[in-house]
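What follows is one structure encoded as structure tokens, with my remarks underneath.
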Amino acid sequence: MKRSKKLDGSQRKLTDFWVQKPVAASAGLASLSSFVETRTVSEVSVASSVSVVEMNDDDSRASTSSNASAAAKGVKRKGGFYGSQWNDSGQKRNCPSYKRIPGTPYVVDAFSYGVIPAITGYFLSHFHSDHYNGLTKSFSQPIYCSLITANLIKLKFGVADSLIHVLPMDQPQRLKDGTLVTLFDANHCPGSVLFLFETLTGNFLHTGDLRAEDCLIDQLKSKSLPKLDILFLDTTYMNPRYVFPPQKTVIDEVCRFVKTELERYPKTLVVCGTYMIGKERVVQAIAETMGSKIAVNRPKMNIMKCLNDEKLASRLTLDYNLANLFVVFGSSSLKQLQDTLAQHSRFHRLINVWPSGWEYRKGGPILSVKPSGNITIVGAPYSEHSSYGELEKLVRALRPARIVPTVNVSKNEEMQKTFSQWLATANISQIFK
């Protein structure tokens, strides 16, 4: 996701969740008011260290980032207001085929198209804004999701409980039309899932967003999945130049760096940038390495309580005087980090950890370390989307009859050539096993 413009000035308005309140540009634009409480920077203990960013997925593609930025400003973009079911000409936008499950009345992550004719079930893969966009309190259709995602829907939108259908993990559930749906962990963010639909017309796996590390692929292999007719695949990084290190490798490197610095300079504050949800593993690992509480603001605390993670919850605090690790929303400028350090004089140095797929650099060390006086900014290539090689492994393991990309769909023809090569070699290797 592209970095957004930083805030300057001690009295400029920030929201308590560190995002600008959007102007209600249209009925389809989701309000963020349930998360935010506008205050001045001087009233927020670490506000000078935060930036205005979108409530979105960390590794989202540039098109999503620019659209979300438009949403935050309440402005129009080509094709209508971001999140609106209407285009510039006042015509209703059509739900694309990669969000529809063939032969069923179900769609996945398709809330921005309003009430879709003949659709009776709306599935939400996870709670990132480019997937729930268009969902509001007034949404009146059945929603199917994981427990964590349901918690977040209720917190943010106040959608009626009667409309939210929580599905268990790893247990097939039969829907009214006879379809079997099973949820698997997507290794993306808390509550993120893959949807397996087993229908009379075929078997379909929709990934939403996923990080297809070996653990996820092994999990799917152990489930004895049926032969897939279509794999709806998160193709965010469908390019061979993206070769992310394993998440555990990145976390270990971050913790090793933090530990070494703390041994040299015990009075060091660590500030970790995150998004609405995601990066919790990084934050928790740093906290355990430091033996520290994790300081968050009230809205972030409310969100973390939705994640049903008692171990993480036990480390959270609203009192910044009790923690050596602060969680902020988004990336921070050097000036903001300097101001934060000045506000908390018990610390002499500051480490800012920024975990994002966009921090990936080919070759060289895993971490990008940029010292500036008593402040060090650490870029960590921690991605919650699959790298190119991981996508190849997943496709070879599942061997679907057909693959439908859900990201960068304008490059479908080019991607299909690659998919065909992967599947051809996978089938050959299977024959000679």
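No hydrogens, no waters, no symmetry mates; every other heavy atom, side chains included, goes into these values.
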Item checked: Atom of Ile116, atom of Ala110 and distance for their closest heavy-atom approach -> CD1-O, 4.0 Å
Margin query: Strictly distance-based, threshold 3.5 Å: is any side-chain N or O of His188 a donor or acceptor partner for the main-chain N or O of Glu384?
Written below: yes
Check: Got a donor-acceptor contact below 3.5 angstrom from the Asp109 side chain to the Ser125 backbone?
Finding: yes
Note to self: Measuring only between side-chain heavy atoms, which start at C-beta, is Cys189 closer than 4.5 Å to His128?
What the structure shows: yes
Margin query: When you measure from the side chain of Asn297 to the backbone of Lys300, do you find a donor-acceptor pair of N or O atoms at a distance under 3.5 Å?
Written below: yes
Next item on the list: May I ask you to decide whether Lys311 forms a salt bridge with Glu288, counting only side-chain N to carboxylate O separations under 4.0 Å?
Entry: yes
Item checked: Over all atoms of both residues, closest heavy-atom pair of Thr149 and His126 -> OG1-CA, 3.9 Å
Note to self: I'd like to know if Asp339 pairs up with Lys335 as an ion pair, taking the criterion as any Lys NZ or Arg NE/NH1/NH2 lying under 4.0 Å from an Asp or Glu carboxylate oxygen.
What the structure shows: yes
Next item on the list: Check whether any side-chain heavy atom of Phe195 lies under 4.5 Å from a side-chain heavy atom of Val108, and answer yes or no.
Entry: yes
Item checked: Closest heavy-atom pair and its distance - Ser387, Val243 -> CB-CA, 4.1 Å
Next item on the list: Using a strict 4.0 Å threshold on nitrogen-to-oxygen distance, state whether Lys393 and Glu390 make a salt bridge.
Entry: no
Next item on the list: With rounding to the nearest 0.5 Å, note down the distance linking CD in Glu261 to CD1 in Ile351.
Entry: 5.0 Å
Check: Would you call Asn408 and Met238 a side-chain contact if the rule is heavy atoms closer than 4.5 Å?
Finding: no
Margin query: If I compare all heavy atoms of Arg396 with all of Thr425, which pair ends up nearest, and what's the gap?
Written below: NH1-OG1, 2.5 Å
Check: Would you say Lys227's side chain and Leu398's backbone share a donor-acceptor pair under 3.5 angstrom?
Finding: no
Item checked: Spacing of CD belonging to Glu213 relative to CG belonging to Asp218, to within rounding of 0.5 Å -> 11.0 Å
Item checked: Atom pair CH2 (Trp422) and CG (Leu394), whose distance is rounded to the nearest 0.5 Å -> 9.0 Å
Note to self: Quick check on side chain to side chain contact (heavy atoms under 4.5 Å, CB included): which of His165, Gln141, Lys99 does Tyr122 satisfy it with?
What the structure shows: Gln141
Item checked: Distance-only side-chain donor-acceptor flag, Glu359 / Ser356, under 3.5 Å -> no
Check: Side chain of Lys221, backbone of Leu216: donor and acceptor closer than 3.5 Å?
Finding: no
Item checked: Pair Asp209, His131: side-chain N/O donor-acceptor within cut-off below 3.5 Å -> yes
